Each structure stands twice: as C-alpha cells, then as structure tokens.
Amino acid sequence: MTVPVLYLLDASSYIHRAFHAIRGLSTSDGVPTGAVYGFTQMLLKVIKDAAPQYLAVVYDAKGPTFRHDMYPAYKANRPPLDPGLKVQLPLVRQMVTALELPAVEMEGYEADDLMASLAAQAREQGFQVVLVSGDKDLFQLADEGVTIWDTMKELKLGPREVAEKLGVAPEQVVDYMALTGDSSDNVPGVPGVGPKTAAKLIAEHGSLDKVLDAAADMKKSKLRENLLEHRGQALLSRRLVRLAQDAPVRFEPTVFKMRKPDPAVLTPVLARLEFSKLMNEFAAPAAAEEATYGRISDPAKLEAFLQAAKKRGRLSVDTETTSLDVMKAELVGVSLCHEAGKAVYVPVGHQLKKGQSQADRRAALQVLAPYLADAGLPKIGQNLKYDLSVLKRAGLVVNGVAFDTMVASYLINPGRASHGLTAIAAEFLGRSMISYEEATGGKNLSFALADLDKATDYAAEDADVALQAAEKMEPMLQEAGLERLFQELEMPLVPLLSKLEMTGVALDVDQLNELSKELGARLDEIEIRCYRLAGHQFNLNSPQQLGKVLFEELGLSQIKKTKKKTAYSTDMSVLTLLAEEHPLPAGVLEYRSLAKLKGTYVDTLPTLVNPETGRVHTSFNQTVTATGRLSSSDPNLQNIPIRSDLGERIRACFIPEPGRLMVSADYSQVELRVLAHLSGDPLLVRDMTSGLDVHTQTASRLFDTPPEKVSKEQRARAKTVNFGVLYGMSAFRLAREQKIELAEAQAIIERYLGRYQGIAAFQQKNLSQARELGYVTTLLGRRRFLPAINYRDRQAREAAERMALNTPIQGTAADIIKLAMLKVDEMLAKEFPEALMILQVHDELVFETPEGQVEKFAKRVRKVMEGVLELKVPLKVDVGWGRNWSEAH
DNA sequence: CGTCGGTCGTAC
DNA sequence: GACGTACGACCGACGT
C-alpha cells in the first residue's frame, strides 16, 4: 500500500508573492484581484501537478503571536499592509472556501507553526508530508518524511537538499538562523555573521550552544567580540525561529481529505472576480435529469400561458434557431417565461423522434402573434435584436420591447469582457447554465436535431434567466442613474437596429468584380517588381519575411522594433522612411494598400451578399465598445475606405435600389462641438458658434497670428492639436507627429491649455472624477469604469487617464447620434415612409430614398439631426446625395 | 487541421 | 516607452 501524502500550503507566502508578481489586475469595476488570481492559479497548479488526496491551506493568525510576547520588536520592520492587498485577503479566504479546501488558522500562531505541528502529527499517523511554501523557516522541518516544495522556483527540498543549500543539516537550521538572523522578520541574529560564517561555525562546532561556548577562544577578534556580546540575542533568535510543534491543532485525515468543488458555490465567486478563464474550467457538469421546465405543444395551452403573462404584465422571450446568422436562421422553437423558475418551451421546428410531439407551427405562431405585437405587454429577453429579426422573418412583429439583459449589463458596466447570458447568470444570479453543446450533444449541431428534453431545459432556462436577471438589474440601473438612458435611448434602439440590419445595403457586384480583376493585375506587377528588388521571391504578406529581406539582406536602417520587441517593425511609418534609402519599401507600401483593399473589401463583400435579399446585412453591435459607440461586423461597414481614390471607387459600389438615391448626413466636427459644450470653454464655444473655421482660430491663438494670416501649415498643425486634445494626446506623440522637438510640443500643449482654460478645467474635472469615483460619464449619464487610473503601473495609469479624457467626448457624441437615429426614424415613419435608414458610421447616417423627394428629405433629416439636443453650441449636419455612397458625400 | 496571439491597416 | 474607439486579414506558432 502506498503511503498517504499530506500537502500543507502556506497561504501568506503565496499571497504576498502573487500580489507583487501580478500588478494591475482588477475587476472591471475596480476591485484589485491580482493576489487572489495568482494565489488561485498557484493553488490549482499544486492540485493539478500533485493531485493531492490530503491537503490544507494554512493561514497566519490575524493578530500578534507568541513570538511578539517573547520579543515585542518581532516583525516590527514590516511596512503596513498595502491596502490593495488588504482588500484581497477576505477574497482569498472566499476562494479557498469555494474550492472546498480544508483551511487551518489559529490565534497566536503563524502558519509555519501550524504546519510544523500538523506535520508532526501526520508523520505519527504514517503520512508523508509536503510543505508547500517559499519560506526558508520551514527548512528546519525537512526529514525523510517531510519535504518542502517551492512551486514558484520549482524546487523540492528534502534533508539532503537543505543541507546542500545551507551547508547545515535540517536539525541545525534553527541554530544557523539564530546566528544569521532574519531581516524580513526582524530577528536580530549576531551582527557580522552571514550565511557563510554561520554555516562554517555550525559545521565546525555542531550546534549554537557549542559555538557560543567556544566563542571566547576564537581567533578572529571581531567575530569573537560579536559572539560574546550578542550571546543573549542569538539565544533569543533561536527561540524566535524555532517553529512550535505543539500548537493545539489536530490532524484528522478525514477533515483534510480533498473534495471536489461544487460549481454552484464556485461559479458566483469566480464571476464576481471576473476570472472567466477559470469559470470555463469549472463549468457545471450536465444537469442531465428529466426536464425541469415545461413544454407546450397545444395551442390552447399556449394561449392560457400567454394570458397569464398578460395578466402578470411581462413576458420573457427567447427563440431557438438553426443559425447564429439572423438572415439565415430558421425558427426552431420559442421559450417564454413570466414567473421566475416557470419557463416553458414551445418547439415548432424540431425533427421529432417517435412518440414526441410539437406544436403545429402555424397554429402556435398564430396564437403567439397578438401577444408579441401587443405594445402593452412588456417584453424581456437577452439580445432581443436577434429574436426580433428571427421572428420578423417568421412573420411575427414584436412590440413593447422593454428590457434587454445584454443591453442592461452593458450599461451597468460596458467594460465587462462578456455580456453573454452565461456571464450574466453567473454575475447577477450566481448560477451556471446548461451549455449549448450539452443541449445539442455537439458543438455545431443544429438545434433542430437536439433531444427535445434537453432542448426544453436549455431553451426555457434562457427565458427564465433573462427574466430573473432583469429583476436584479432594474434596481441597479436606477441606482446608477442609467434608467432614462436605458429606457429612452438604448432600448428603443434595439428594434431600430434590427430593422437597420434587415434592410441591408445593395452592392454593385459587377463593378466590384471588375475592380478585383484590375487590382489583381496591378498586384501581380508590383509583386514581380518587389521580388526583383529583393533578389528573390518571398511572401509579401509576411511582415516577418519582409523584415528579414529589408534589414538583414538589404541592410536598411532598423528604425523600430515591434511591440513585443520580437521582430523589426515594418509598418507604414517605417516603410515610408525607408523609401528614401531603397525602392523596395515603396513597392511594399503600394502592394499593401492595394492588397488590403482587395482582400478586405473588393473580394470579400460580394461573397457576403445574401442570396434571398440580394443585399449585405451587417451586424450592428450595441454592447461592444467601451464608450457607447455602436460597432459593425460581418462585415464591418464602418471602416469602408474613403480617403484614397481606390477607396472612393469601393464606396461607389454601395448603391440604392433603382429609382432611388443614396443620402448621407453627417455631423460636422461633432466631437469638438461636444468638447465645447461639456467644457463650456468660452473661446471654443464662440468659435463653434460663429461659423468661422475652428482650426484657423486655434492656429491664430497658438501662433499669435491674426486669423487671416494663418498659413496652411499652421492650420494643419492646429488641427492635429485639436484632434490630440480629444484623445488626451501626449507631448511625445505630438512631437513625433509634427516632427518637432519634444520641448516645443510641450510648449504648444501648455499654450493651448493656457488659452483654452475651460478645456484644461474640464480635463482636470474628468481626471479627478475618475480617480475618486472610479468612472467617467457622458452627457446622458453613460458610465465607463477605469480601475487602472489609480494603478502604480505608469503606463497603465496614463492610458486610463487618456481614456478618462476621451470617453466623455466620444461617448457623448455616441449618445447624440443614437438619439438622432431614433428621432430620424420617427420622422421617416411619419413623413417619408418609403425612405430607408441603411447605415450608421459613428457621425454619419446613410439612407436611400426615392429620387423625387430627395431635397425635401435632406432638409428634414438635417433639421431633425441638428435639433436632437440643445447644446451650448449648435450641432451642424452636412447632407449630400447621389447615385452611390461615394457621390452622397 | 483548428486556435490564437501578433502585426498591420481601414474607419470615425 | 504609442493620442481615443472599433473589426478583420494574414501569418505563424502551438496544440490536437
């Protein structure tokens, strides 16, 4: 039979090391978590590597110990506990508890003493003991049954290794340390005696007592005096470093037996700490019992359920489909819930097995339709935009879209890594959920093929969790002052975005294909030219290979390294500089710009045209950006080129239906106007109101030149400064951008903030708010947490400062255009029912409208957009139109 | 053969 | 050692 092994883990040793090793980790709302994370990782590593059967985490006593009675100055040199660490200590205990690990602590004793005492008892009961710690105090315990494992240094120390390391046997370690002392614990030892001398003395005489007895006869006068004079101090030191093996703890194998953590307990702790990676590892196993939720296949029963929902005044809705792509997804089932824990699933498109039944699709949808369309029945759900689109395609209109948990989670904390329902369930309800894989029995299997019982549990749970999460979130939105933003802006946007996505935009595919051929030919030429210049073929798309050619073979000047310093940078700025030395970089630049546009847009866009609608349907994501902007993906239509000629030709491929025109309306200088409003700076407000050119005015003030005498170059410089202010620019960057000395750049920024004192004050206000409250806000109260703003890590802190300066501006601009989308949509419904909103590109809205009404349409759109909010400066909108998106600009 | 981090480049 | 916010193509290392 194998000998059982007990692992005793020194918590403090690892907490401190983790705290210092991992700086700058915190939850997205600002609770530091580096020490907990590091500690947990280390703990899991021990569990994984050693697979211990018996283990305990051992803590130091919170208050003084018996050593303080012996020696009041014990550990007196320790600086006070860092507050960032102090707040994590209870979190570590929570984590250990949640992992269901046995823990030991005792008033008056340090962890080392408890470990020594437990080890002694475990040895008597026939256990081997491993002391998991980095603390050398424990070396004294090493013997044939006790080893010390320092996981950080990957060291396992038995008596032999201790003897090798210190030069004395484990039982001599206390005597040795009595001579050397321990500066971290303020144990004095004997002055002038370090590790070398101590080891030599102990080896020669055998013990401390014998060393002290022999002191008087020693030859080295300094050593002799020190030993004689500090004899008492040495004896005291030995008492301090000797671990108590008689602490009143009891080793009971059953108590120290490892258990498996319960996901239901662990999940909420991991969620609160935002340890999402660990959360995946500990995901709850399948709850593969019989269905706990109900299933409805009888239309009459569905009717009754919906009547109850109507009476209760709310309905949580979730759809199951065959695809994540809404424009391809077919409805498979609908889950509904109006009372926590009592959701139902209505399958309408499953492939059934023998003996199973589902609702007749048409009958079920017919019953559902009036309830979904009932604006007086508030709808709740997760990512309702998706369900709205799916249901719309199934012929069902949804009104009364009241509470989207994904959107609510985003407003409560836009910085969270995920606003998925699983994350929300963990964070707000402390529960885990059935995974899609479990429900369908595979990763990418269609939901229509899923086992009906599993599908029911999975689907119904979504509706149930959304309902319950919404109840939790509602008061949190109130508390944070986000209620109006949620109710009046973000929620009304949900159906509008659904509509926008479903509308899509038409492409001139023939033109794109033509462009592709032309670009292909030009790329071939450039490629050949580049190979000739390099002397051989290589992959022009590989920065790594290019770096080798440029810097190793051709010997061009190395200008900068990449972020990770692993390679030479070959980005645009570098190649532009190198173009003066050699013709190859210019060729690569040309290749890159063409290849980029060809690969990303010209060749890709046509493949994304939906065969049913003949149009491209992007996703407008409402819960992605940290500032409140929308983002666009699959494809991203918010970064279609505009600056180059080729970009214009790509934009020209975005076209309206025949007989209609493309209309583009964009806010002019919206961020500067927002800055003027938020800061109230008198000069900027005056400039933005007067209609004069704002960059010329800035140049005039920066360079002490009358506006009419401002040169083109001065205006351009002022423009970059104005932009820089919006982004929280550093002097360093400005100097590089404008190719001027750092000192000059500093002077320009100082002069700017001196002239625009309202802006300087606004910046200070944002910084202090972020430091004190931990977040910044936009005009409509949108929040962004910036935990890093109080970090010691300078780079992280300064990045957070720039975010604190930029976010209120960018976020307010986002608030404004979202408001504009809603107001324009209302206006369109009343006045231009044939017009369609097509795209939003941050400060621009794109429409298509019948040719005949375009001028009147443009006028009305401008009026509505300019009037969405009354600011200290007017909002200005430019409207253009044409036969394609390019012409509309 | 798929995943994922790094690099680069487009937009506002 | 980077002025803010995104998305995505491509490469190449890494793990299965």
Side-chain angles (χ1 to χ4, degrees), chain A residues 414-415 443-444 538-547 560-575 588-589 591-605 608 618-621 623-644 646-647 650-651 666-672 675 720-738 742 745 749 763 766 776 784 786 793-796 798-811 813-814 817 839-844:
Chain A
K443 205 162 171 56
N444 292 314
F538 64 101
N539 186 348
L540 272 169
N541 291 314
S542 162
Q544 203 182 73
Q545 293 183 30
L546 176 64
K560 65 172 177 182
K561 292 285 182 86
T562 55
K563 265 195 189 125
K564 291 274 162 190
K565 298 177 191 173
T566 48
Y568 315 111
S569 171
T570 66
D571 69 16
M572 217 162 43
S573 66
V574 171
L575 295 183
V588 175
L589 280 172
Y591 178 88
R592 275 204 189 148
S593 75
L594 297 188
K596 168 82 177 176
L597 298 184
K598 182 170 186 283
T600 312
Y601 308 106
V602 179
D603 291 347
T604 313
L605 287 172
L608 298 167
T618 181
S619 294
F620 283 107
N621 316 303
T623 60
V624 169
T625 71
T627 57
R629 277 184 175 180
L630 297 179
S631 83
S632 155
S633 58
D634 311 298
N636 180 1
L637 294 185
Q638 292 180 322
N639 69 346
I640 301 297
I642 190 169
R643 282 161 205 179
S644 62
L646 181 54
I650 295 172
R651 281 202 176 217
D666 67 281
Y667 280 108
S668 167
Q669 292 166 328
V670 64
E671 294 196 343
L672 275 178
L675 175 61
T720 57
V721 177
N722 274 331
F723 270 101
V725 169
L726 299 175
Y727 298 148
M729 170 178 49
S730 67
F732 182 91
R733 174 71 186 248
L734 183 67
R736 207 186 57 188
E737 198 102 324
Q738 304 206 347
L742 187 62
I749 291 173
Q763 295 195 334
N766 281 324
V776 289
R784 180 183 187 182
L786 295 168
D793 174 350
R794 189 173 121 183
Q795 203 182 331
E798 288 179 344
E801 287 169 357
R802 292 189 293 272
M803 294 172 199
L805 300 182
N806 173 262
T807 299
I809 302 170
Q810 189 181 121
I817 190 135
L839 296 173
Q840 188 256 46
V841 192
H842 308 312
D843 64 357
E844 175 188 10

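Keep in mind that what you see is a predicted model, and the values were worked out from it rather than measured.
Listed for the A:Tyr601 side chain is no donor-acceptor partner under 3.5 Å among the backbone atoms of A:Arg651. With hydrogens and angles ignored, the 3.5 Å screen pairs no side-chain donor or acceptor of A:Thr625 with any backbone N or O of A:Leu630.
Rounding to the nearest 0.5 Å places CZ of A:Arg802 at 12.0 Å from CG of A:Leu786. Note that CD of A:Gln544 is 10.5 Å distant from OG1 of A:Thr570, once rounded to the nearest 0.5 Å. Atom CD1 in A:Ile650 sits 12.0 Å away from atom CD1 in A:Ile642 (nearest 0.5 Å). Between the CD atom in A:Glu801 and the CG atom in A:Asn806 there is a gap of 14.0 Å [rounded to 0.5 Å].
In this structure, B:dT3 forms a base pair with C:dA13, meeting either the Watson-Crick or the G-U wobble geometry with both donor-acceptor distances under 3.5 Å. Checking C:dC7 for Watson-Crick or G-U wobble geometry (two distances, each under 3.5 Å) identifies B:dG9 as its partner.
In this structure, A:Met803 places its CE atom 12 Å from C1' of C:dA2, rounding to the nearest Å. Nucleotide C:dG4 holds its C1' atom 13 Å from the CD atom of A:Gln763, rounded to whole Å. Summarising the geometry, the separation between CG on A:Leu839 and P on B:dC12 is reported as 12 Å, rounded to the nearest angstrom. Protein atom CZ of A:Arg736 is 7 Å distant from nucleotide atom P of C:dC3, rounded to whole Å. The interatomic distance linking A:Leu742 (CG) with C:dC3 (C1') rounds to 14 Å, in whole Å. Atoms CG (A:Leu630) and P (B:dC12) sit 15 Å apart, rounded to a whole Å. Rounded to an integer number of Å, the gap from CG of A:Asp843 to C1' of B:dA11 is 10 Å. Look at CG on A:Asn539: it is 14 Å from P on B:dC8, rounded to the nearest Å.
There is no side-chain donor-acceptor pair under 3.5 Å between A:Glu737 and A:Thr720.
A sub-4.0 Å separation between OP1 or OP2 of C:dG12 and a side-chain N or O of A:Ser542 is present. Within the 4.0 Å cut-off from OP1 or OP2 of C:dT5, at least one side-chain nitrogen or oxygen of A:Arg784 is found. Residue A:Gln544 has no polar side-chain atom (N or O) positioned under 4.0 Å from OP1 or OP2 of B:dG6. Between A:Arg802 and C:dG4, a side-chain N or O to OP1/OP2 separation shorter than 4.0 Å is present. Listed pair A:Ser730 / C:dC3 meets the phosphate criterion, a side-chain N or O lying under 4.0 Å from OP1 or OP2. The phosphate of C:dC7 (OP1 or OP2) has a side-chain N or O of A:Ser631 nearer than 4.0 angstrom.
Residue A:Val624 is in sugar-phosphate contact alone, with no base atom involved, counting any heavy-atom pair closer than 4.0 Å across all strands shown. A:Thr570 comes within contact range of the sugar-phosphate backbone alone, with a heavy-atom separation under 4.0 Å but no base atom that close. Residue-level contact check: A:Gly724 touches the bases, meaning some heavy atom is under 4.0 Å from a base atom. When heavy atoms are screened at a 4.0 angstrom cut-off, A:Leu805 is found touching no nucleic acid atom at all. Counting non-hydrogen atoms under 4.0 angstrom, A:Ala626 reaches the backbone sugars and phosphates but no base. Contact annotation for A:Asn639: base contact, defined as any heavy-atom pair under 4.0 Å involving a base atom. Residue-level contact check: A:Gln810 touches the bases, meaning some heavy atom is under 4.0 Å from a base atom. Nucleic acid contact for A:Ser632: sugar-phosphate only, since backbone atoms but no base atoms lie under 4.0 Å from a heavy atom of the residue.
Side-chain proximity of A:Lys596 to B:dA11, C:dG8, C:dT5: nearest is C:dG8. Residue A:Asn621 has its side chain nearest to C:dC7 when only C:dG12, B:dC12, C:dC7 are considered. For A:Gln795, counting side-chain heavy atoms from C-beta on, the closest listed nucleotide (C:dG1, C:dC3, B:dG9) is C:dG1. If you check C:dC3, C:dC7, B:dT10 against the side chain of A:Arg733, the one that comes closest is C:dC3. Considering only side-chain atoms of A:Phe732, the nucleotide from B:dT10, C:dG1, C:dG8 that sits closest is C:dG1.
Spacing between B:dC8 and C:dA2 at atom C1', rounded to whole Å, works out to 15 Å. Taking atom P on both nucleotides, C:dC3 is separated from B:dG5 by 25 Å, rounded to a whole Å.
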For this session: Decide side-chain contact (heavy atoms from CB on, under 4.5 Å) for A:Phe620 and A:Gln638; before the verdict, give the C-alpha distance in whole Å, the side-chain angles of both, and the deciding distance to 0.1 Å.
Result: CA-CA 10 Å; A:Phe620 283 107; A:Gln638 292 180 322; 4.1 Å; yes
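Judged by distance alone with a 3.5 Å cut-off, no donor-acceptor contact links the side chain of A:Arg592 to the base of B:dC8. If you check distances only, the side chain of A:Glu737 does reach the base of C:dC3 with a donor-acceptor pair under 3.5 Å.
Residue-to-nucleotide proximity on DNA chain C shows that, of A:Gly728 and A:Gln545, the 5′-proximal contact is made by A:Gly728.
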